[in-house]
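Written out below as structure tokens is the structure these notes cover.
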There are 2 protein chains.
Amino acid sequence: MALDRLLELTVLLNDDMTNALRREGLTVARTHLLWALHQRGPCTQRALADELNVTPRNITGLVDGLTETGHTRREPHPTDRRSTLVTLTPTGALVMKGMARGRLSLATRLFGELSPAELEAFAGTAAHVSARLRDALATEDER
Amino acid sequence: MALDRLLELTVLLNDDMTNALRREGLTVARTHLLWALHQRGPCTQRALADELNVTPRNITGLVDGLTETGHTRREPHPTDRRSTLVTLTPTGALVMKGMARGRLSLATRLFGELSPAELEAFAGTAAHVSARLRDALATEDER
DNA sequence: TATTGTTATACTCTATAACTATA
DNA sequence: TATAGTTATAGAGTATAACAATA
């Protein structure tokens, strides 16, 4: 059944992500945070908490770790002295650029043998599934 | 790009799984263990460690938790006094039966609107991607 | 009074290493 | 000597609650 394949794929992707990141001294959770910074630029921890859907306390820990490894830096907020701005260090920015390239090459290797039509069909279906997921889980409680 | 959709889907599925399971007092890791028991019947902890690809120490913790919540039980191995056989309690077996049904109904809701041809194409592509993933990650190190 | 980030505390998953009981 | 499972220890991710500084 398709769902089983999908779940299996989920597990595989997750494990592979974890292992690949460990080789760079990163974790999945920390990489999500880096990715958010890469896309949005400097953020307050509050904004990161909202973006990643975790508690502010959790962000404190993730930024602690990333700052210790030299990927991020805490800077004072220019107008609000309660806030800190989390920014990518040059190293952190480099790592994220490499990661963007890595995703591209992984995609090429994974999907490279598919015809454009197949690719389109797959992406369309994935989008469809993604959209339905929301509705489905809103009513999953009666299970 | 298709990979982005796939990763997004991975994250969504993962979060949803986590939340759905929390409503039943379970976690993803513990459910993997229950699923293995559901499919293979009573297992030694060693066998579970191999099946889930985690350390024996980790299995000790998971079985501790599941036994405390009444999903599993430890029984003496009939011939090897070093081993314990982990079994599903009646409650645990019931939960897993419900989960098998739940997966079916979730699949129906997610994929129900797709034509058989679309479903087949999606499943085929997922299998293809799954297979390629192995090769791809064996050579991902040059990144 | 409300918000930002922290400290305090706790639980789960995970790993390695040392140890006990058995094989 | 090797194997099954445990205790000991540690680190990461996550949560809630109480608190300090600031708005």
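Order of the sequence lines fixes the chain letters, A, B, ..., with proteins taken first and strands second; residue numbering starts at 1 for each chain.
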Set out, in order, the CA-CA distance, both residues' side-chain angles and the distance that settles salt bridge (Lys or Arg N to Asp or Glu O under 4.0 Å) for B:Asp64 and B:Arg30, then state yes or no. CA-CA 10 Å; B:Asp64 283 351; B:Arg30 288 178 188 181; over 6 Å; no
Between A:Trp35 and A:His32, does the ring centroid distance fall short of 6.0 Å? no
Starting from P on D:dA12, measure out to CG on A:Asn19 and report it in whole angstrom. 17 Å
Between OG1 of B:Thr91 and NE2 of B:His71, what distance do you get to the nearest 0.5 Å? 7.5 Å
Nearest-Å distance for atom pair CD/P, residues B:Glu75 and D:dG5: 14 Å
Under 4.5 Å between side-chain heavy atoms, hopping through other hydrophobics if needed: is there a path connecting A:Leu66 to A:Leu85? no
note: A:Glu51, atom CD; C:dT4, atom C1'; distance rounded to Å ~ 18 Å
At 4.0 Å (heavy atoms only), tell me whether B:Thr79 reaches a base, stays on the sugar-phosphate, or touches nothing. sugar-phosphate
What pairs with A:Asp80 under side chain to side chain contact (heavy atoms under 4.5 Å, CB included), at least two apart in sequence or on another chain? A:His77, A:Arg82, A:Ser83
How does protein reach along nucleotides 5-15 of chain C, written 5' to 3' as B (base within reach of a heavy atom under 4.0 Å), S (only sugar-phosphate), or - (no contact)? SBBB---SSBB
Which residue, A:Asp80 or B:Asp80, contacts DNA chain D at a nucleotide closer to its 5' end, judged by nearest heavy atom? B:Asp80
Does B:Arg22 pair with B:Glu24 as a salt bridge, N-O distance under 4.0 Å? no
Spacing of A:His32 atom NE2 relative to D:dA12 atom C1', expressed in whole Å: 15 Å
